[in-house]
Structure formats: C-alpha cells, structure tokens
Amino acid sequence: MFNIIPQPVSILINQDRKGFTLHAGTTISPYPFAEEFASFVRKTLNKKVYLHEDTGEERSIILKIDESIEHDEGYTIKCENRRVFINARTETGLFYGLQTLKQMLLQTDGKLPYVELTDYPRFSYRGFMLDCGRYFYTVDEIKRIVDLMALHKLNVLHWHLTEDQGWRIEIKKYPLLTEKGSKRSHTNFNNKPHSGYYTQDQVKEIVAYCHDRKIKVIPEFDVPGHNVASIACYPELSCLDRKLEVATHWGVKHDILCAGKESTYKFVYDVLDELIELFPDKIIHIGGDEAPKTRWCECDKCKEKLNELGLVNMDQLQGYLANEAAAYLKKKGKKAICWNEAIKGGNVEKDNITVALWRDKTKASIEWANGGNPLIAECFTPYYVDYPYGMHPLKSVYMFEPRKIHGLTSLGGASVIGVESPIWTEYVTSFEKMTYLCFPRWLAVAETGWNNVNKKGYAKFIKTAEFFCDILKGMGITPAPKEYW
C-alpha cells in the first residue's frame with residue numbers, strides 16, 4: 001500500500017498486471033500545470049517528463065476531462081500497460097490526480113504497479129492561514145509553503161496581512177500604511193527593528209502562483225481591531241485621534257478603528273476596493289477578533305452612532321460595522337468571512353457572512369451554525385499550530401472532528417464547510433521555526449479536510465507522516481522530530 005496524504009477514497013493494486021514506469025521518453029498531456037509536475041519529477045527523481053503537444057494517444061501520462069465524474073475536485077487514476085490515465089470532471093481534479101501521482105512515484109523511484117484509484121474530498125474549504133503581520137515572510141518562502149500545501153490538496157491560503165505590529169500590503173490610496181505602518185522600532189524588549197511589505201505586483205505574483213496550484217487566496221484586513229499600525233499612520237481613524245507608533249509588543253490593544261466616524265467607513269471601503277482588484281477569488285476576510293470596546297465607550301461619536309442606529313450595546317455596533325463591510329463586498333460580487341467575535345451582538349446579517357470559529361465562550365457561533373449558517377472550524381484547540389506540540393499534539397490534530405464540535409446539532413454539523421489551521425507568528429521568527437511547528441500537524445489537517453471521519457486510523461497515519469517528513473527533509477524543510485509529536 002502507498003503512503004498518500006490525504007489517503008484516497010479507494011485504491012486497488014495488482015502486482016501481477018503491467019503498470020507504469022518513468023522512462024527517457026515519458027510524455028504528459030500539455031495542461032498548464034503539467035510543467036510543474038514535470039519540474040517536480042526532474043528535481044526529486046532526477047527523471048525527465050516532456051509535455052506532449054499532439055492530441056494522439058501516444059502520451060505516457062494522459063490527462064482527460066470526464067464529465068461523468070461526480071465531484072468537481074474528484075479524479076480517478078489508472079496505471080496500466082505502461083501508461084497512466086488520470087480522469088477528472090475539472091482541471092482542479094486533474095491537478096489533484098497529479099499530486100497523488102507525485103506521492104506514489106516518490107515511493108517507487110518512478111515505477112508503479114497496476115493501480116486503480118478513485119478519490120474526492122469531504123470538504124470544499126481546506127485552508128491554512130499564514131500570519132505575515134507580526135513577522136514578514138518573503139515571496140519565495142510563501143511559495144515554498146504553498147507548494148507543500150498543494151501537494152497535500154489544501155486549497156485555501158488565508159493571508160493575514162494587517163496587524164498592530166505591521167501593515168504588510170501596499171494600498172496606493174494610503175501610502176503611509178507601508179511607508180510608516182510596515183515598520184516597527186523593535187519587538188518585545190529587543191532592539192531589532194522589523195519591517196517589510198508586499199507590493200501590489202508581488203501580491204499578484206503570489207496569487208497567480210497559488211492559482212496555478214488550485215489554491216484560492218483570501219486576504220485578511222482586520223476590522224476594527226488589530227489596527228494600531230494603520231492608526232499610527234492616520235490618527236484620525238481612532239476614536240481619540242491619538243498619535244501612536246506601530247506596536248512593538250504583542251497582546252490585544254485598546255486603540256481600534258472608530259465606529260462613529262464616517263472617515264473610518266471610507267477608509268474601510270477604500271482598502272476593500274484595492275483588495276478586490278488584487279484578489280480575484282470571491283472572498284475577503286474582514287477580521288473582527290479581539291476588538292475591546294474601551295475606546296468606543298469613551299467616544300462621543302461611537303455613542304452617537306449607537307443611539308442613532310437604535311443598537312443595544314457596543315457588540316452590536318461591531319456587528320453593524322461588519323454588516324456594512326460585508327454589504328459593500330456583496331455589491332462588488334464578493335463574500336465576507338469574519339472571526340466569531342464579530343457576531344457576538346447577534347445582529348450580523350446571515351446572508352453575507354461566513355464565520356470562522358476559533359474560540360467562543362458565548363456559543364454565538366454554535367447557534368450560528370445550528371441555524372444553518374456557514375462555519376469554518378479553525379478551533380484554537382487543537383488547530384493553532386503556533387502552540388507547542390505538548391499543548392496541541394499531532395494525535396489531537398489528527399483526531400479532531402469538525403462536525404462534532406460541542407453543541408453542534410446535526411444541522412450545525414452540516415453547516416461546517418471546512419477546516420483551517422493558522423500559524424500565528426508572534427514567536428515564529430523564521431521560516432525554519434514555522435515549518436517545524438506546521439509539519440507534520442498540517443498533514444493531519446489535510447487528512448481531515450479531505451477524508452471522511454470513518455476512514456481515519458492514527459497508527460497508519462503516523463507511519464505515513466514519518467515517510468513524508470523524511471521527504472520534506474530532503475526538500476530542505478524542517479519538520480518537528482517524531483519525539484515531539
């Protein structure tokens with residue numbers, strides 16, 4: 001049996017029938033992503049695969065669109081008579097078939113037995129989140145992470161780009177956001193400055209790279225909290241017009257965007273306009289977590305807005321702000337995701353928003369899902385992989401069942417559209433530390449996102465994870481040693 005993550009729905013192997021072997025003249029159907037497969041084979045197996053421009057049946061690896069396959073991301077693989085046939089309903093399915101083929105070839109040095117394989121995912125949303133607000137990661141480092149996620153069929157990059165400690169994306173209408181907001185003087189008691197941001201051209205480059213690997217990119221612009229960096233640039237965005245510096249210490253900050261000023265709404269809409277142009281996928285994350293209302297309760301404009309709207313409390317004012325941002329996105333053909341704190345007031349309009357659950361003592365997000373509204377499970381325990389393995393061990397990540405979160409009914413479980421695991425980077429200062437924390441835990445997330453709960457077996461997964469961690473080491477990636485899992 002092959003080591004494959006995520007494991008396929010079904011696989012049949014017959015050693016007595018002719019299979020497939022990479023050879024000097026191996027060719028593949030000329031889809032756009034076939035060159036990436038050929039490059040992978042060259043680099044990892046030191047064997048060559050050529051794109052075959054003709055339409056004949058002489059290719060070695062034949063990719064074919066087949067509308068009889070039920071699932072949009074599903075595919076079949078058949079290795080027989082010295083050829084590989086991959087059929088799928090969509091190009092995304094063909095791409096995933098090639099990812100499985102890569103994994104099989106890695107284990108056999110390019111020689112496969114007769115194989116019949118059928119596969120399709122459980123969840124349509126299979127995400128990972130990278131926080132570049134606390135520490136900046138280079139374009140090349142992001143691409144390396146994207147390659148690993150694509151290999152294991154995760155299909156959403158949630159890109160956290162705005163923070164108290166740094167604004168990381170160029171917004172042309174507000175140049176100070178990167179001229180000043182992307183730089184901090186030091187970090188938590190050290191004397192080292194930190195800076196960095198992505199130009200709009202770099203953003204387009206990363207988005208295109210992800211799309212080539214069938215990964216959607218969802219930017220996060222946090223509203224109203226986590227905005228000290230933007231307030232440092234434009235003090236009028238805050239309730240008290242305070243002159244602040246970009247935050248240098250971690251933790252939740254009391255200075256957030258003012259919900260009582262029309263200038264705040266204009267700022268939010270202007271930033272969203274540029275994000276909409278840069279990120280063609282239909283979703284924008286508008287944050288909403290960790291937004292204390294201390295300043296709002298001191299602010300005459302916020303209190304006036306509350307009374308004008310007939311709202312009961314400041315949590316409802318945050319819900320109003322989320323509604324306004326989501327409605328603006330809807331007019332532009334986009335949808336919004338927010339963290340579960342944004343729905344605490346109970347007045348968020350359900351048609352426009354998907355909720356991301358990380359930790360919710362009020363159970364508002366459970367009520368949300370039980371009402372039939374979409375929910376993404378990225379629960380703090382065990383999916384926050386920036387925490388040590390001793391707190392969130394690999395087995396807990398692997399065994400986590402998103403549709404059985406405490407309090408969900410059968411309807412609420414059906415409302416869970418997928419899973420996502422974040423890497424927050426307050427204490428993750430290097431690419432090596434990031435990969436140590438993410439792997440092999442993100443392999444377990446990929447397994448849950450793709451496979452039915454009834455197929456899970458931790459003992460088998462451990463052996464497969466060991467195999468892939470050895471592969472990762474050969475690719476220059478640093479996973480955690482097994483004794484820490």
Side-chain angles (χ1 to χ4, degrees), residues 131 133-134 160-168 171 174 176-177 180-185 188 220-272 285-326 328 336 338-348 353 358-362 364 424 426:
D131 168 20
R134 275 53 176 254
H160 188 80
L161 288 164
T162 67
E163 258 308 331
D164 296 309
Q165 296 82 14
W167 185 284
R168 303 291 176 213
I171 302 296
Y174 296 91
L176 288 181
L177 290 173
K180 180 179 180 180
S182 67
K183 304 169 184 176
R184 63 176 180 262
S185 61
N188 278 26
E220 183 179 355
F221 162 38
D222 217 329
V223 178
H226 294 285
N227 263 286
V228 170
S230 60
I231 293 170
C233 302
Y234 301 98
E236 64 273 17
L237 294 173
S238 67
C239 290
L240 307 178
D241 293 354
R242 298 185 72 202
K243 293 183 179 180
L244 303 173
E245 296 299 321
V246 175
T248 57
H249 290 60
W250 312 134
V252 178
K253 310 302 181 185
H254 289 285
D255 289 285
I256 65 177
L257 298 179
C258 178
K261 294 180 179 178
E262 289 307 311
S263 57
T264 294
Y265 295 84
K266 183 179 186 304
F267 172 74
V268 170
Y269 301 151
D270 287 343
V271 172
L272 290 177
H285 202 303
I286 56 173
D289 66 320
E290 297 179 327
K293 311 305 187 296
T294 308
R295 300 288 184 255
W296 287 9
C297 291
E298 299 170 346
C299 175
D300 289 340
K301 285 185 169 55
C302 285
K303 288 185 279 189
E304 288 171 9
K305 192 74 171 177
L306 187 79
N307 292 330
E308 172 195 329
L309 296 169
L311 302 176
V312 174
N313 55 42
M314 292 301 181
D315 287 329
Q316 288 199 341
L317 185 57
Q318 181 176 352
Y320 170 79
L321 180 55
N323 285 338
E324 291 297 291
Y328 189 81
C338 68
W339 296 109
N340 55 262
E341 287 101 318
I343 67 169
K344 187 177 177 182
N347 61 328
V348 166
I353 287 178
W358 75 282
R359 184 161 59 186
D360 186 358
K361 294 179 181 178
T362 71
W424 299 101
E426 287 96 331

Show, in sequence, the C-alpha distance, side-chain angles and deciding distance for R184 and Q165, and conclude whether the side chain to side chain donor-acceptor pair (under 3.5 Å) test is met. CA-CA 7 Å; R184 63 176 180 262; Q165 296 82 14; 5.9 Å; no
List the steps and the verdict of side chain to side chain contact (heavy atoms under 4.5 Å, CB included) for H285 and F221. CA-CA 6 Å; H285 202 303; F221 162 38; over 6 Å; no
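To the nearest 0.5 angstrom, N188 atom CG is 10.5 Å from R134 atom CZ. Note: C239 SG to I256 CD1 = 6.5 Å, rounded to the nearest 0.5 Å. How far OH of Y265 is from CD of E324: 6.5 Å, rounded to the nearest 0.5 Å. The structure places CG of L177 at 12.0 Å from CG of L161, a figure rounded to the nearest 0.5 Å. The CG atom of L309 lies 10.5 Å from the CG atom of N323; values are rounded to the nearest 0.5 Å. Between the CG atom in D241 and the SG atom in C299 there is a gap of 9.0 Å [rounded to 0.5 Å].
Judged by distance alone, with hydrogens and angles left aside, the side-chain atoms of K180 form a donor-acceptor pair with the main-chain N or O of A232 at under 3.5 Å. In this structure, T264 contributes its side chain and C258 its backbone to a donor-acceptor pair below 3.5 Å. Panel note: side chain D164, backbone V228; a donor-acceptor pair is recorded below 3.5 Å. Checked by atom type and distance alone, the side chain of K261 pairs as donor or acceptor with a backbone atom of S238 at under 3.5 Å.
A side-chain donor from one of W358 and E341 sits under 3.5 Å from a side-chain acceptor of the other. Under the 3.5 Å distance criterion, with hydrogens and angles disregarded, a donor-acceptor pair is assigned to the side chains of E220 and W339.
The two atoms that bring C302 and L317 nearest to each other are O-CD2, 3.9 Å, heavy atoms only. A229 approaches W167 most closely through the heavy-atom pair CB-N, 3.9 Å. Taking each heavy atom of I286 and A336 in turn, the nearest pair found is CD1-CB, 4.1 Å. When every heavy atom of A326 is checked against every heavy atom of I353, the shortest pair comes out as CB-CG1, 3.7 Å.
Residues C338 and I343 are in side-chain contact: their nearest non-hydrogen atoms beyond the backbone lie under 4.5 Å apart. Between V223 and L321 there is a side-chain heavy-atom pair separated by less than 4.5 Å. The side-chain heavy atoms of S230 and L257, taken from C-beta on, include a pair separated by under 4.5 Å.
Pairs passing the side chain to side chain donor-acceptor pair (under 3.5 Å) check and including a residue from residues 313-322, sequence neighbours excluded, read K293-D315, K293-Q318. Counting only residues at least two apart or on different chains, the side chain to side chain donor-acceptor pair (under 3.5 Å) pairs with a member in residues 243-260 are R242-D255, H254-T294, D255-R295. Within the structure, the salt bridge (charged side-chain N to carboxylate O under 4.0 Å, His left out) test picks out no pair touching residues 221-233 (sequence neighbours left out). Note on residues 302-312: pairs passing side chain to side chain donor-acceptor pair (under 3.5 Å), not counting sequence neighbours, are E262-K305.
Under the ring-ring contact (aromatic ring centres under 6.0 Å, His included) criterion, Y174 pairs with Y234, F267, sequence neighbours left out. Take K266 and apply the salt bridge (Lys or Arg N to Asp or Glu O under 4.0 Å) test, not counting sequence neighbours, and it matches D270.
A salt bridge is defined here as a Lys NZ or Arg NE, NH1 or NH2 lying under 4.0 Å from an Asp or Glu carboxylate O, and D131 with R168 fails to meet this definition.
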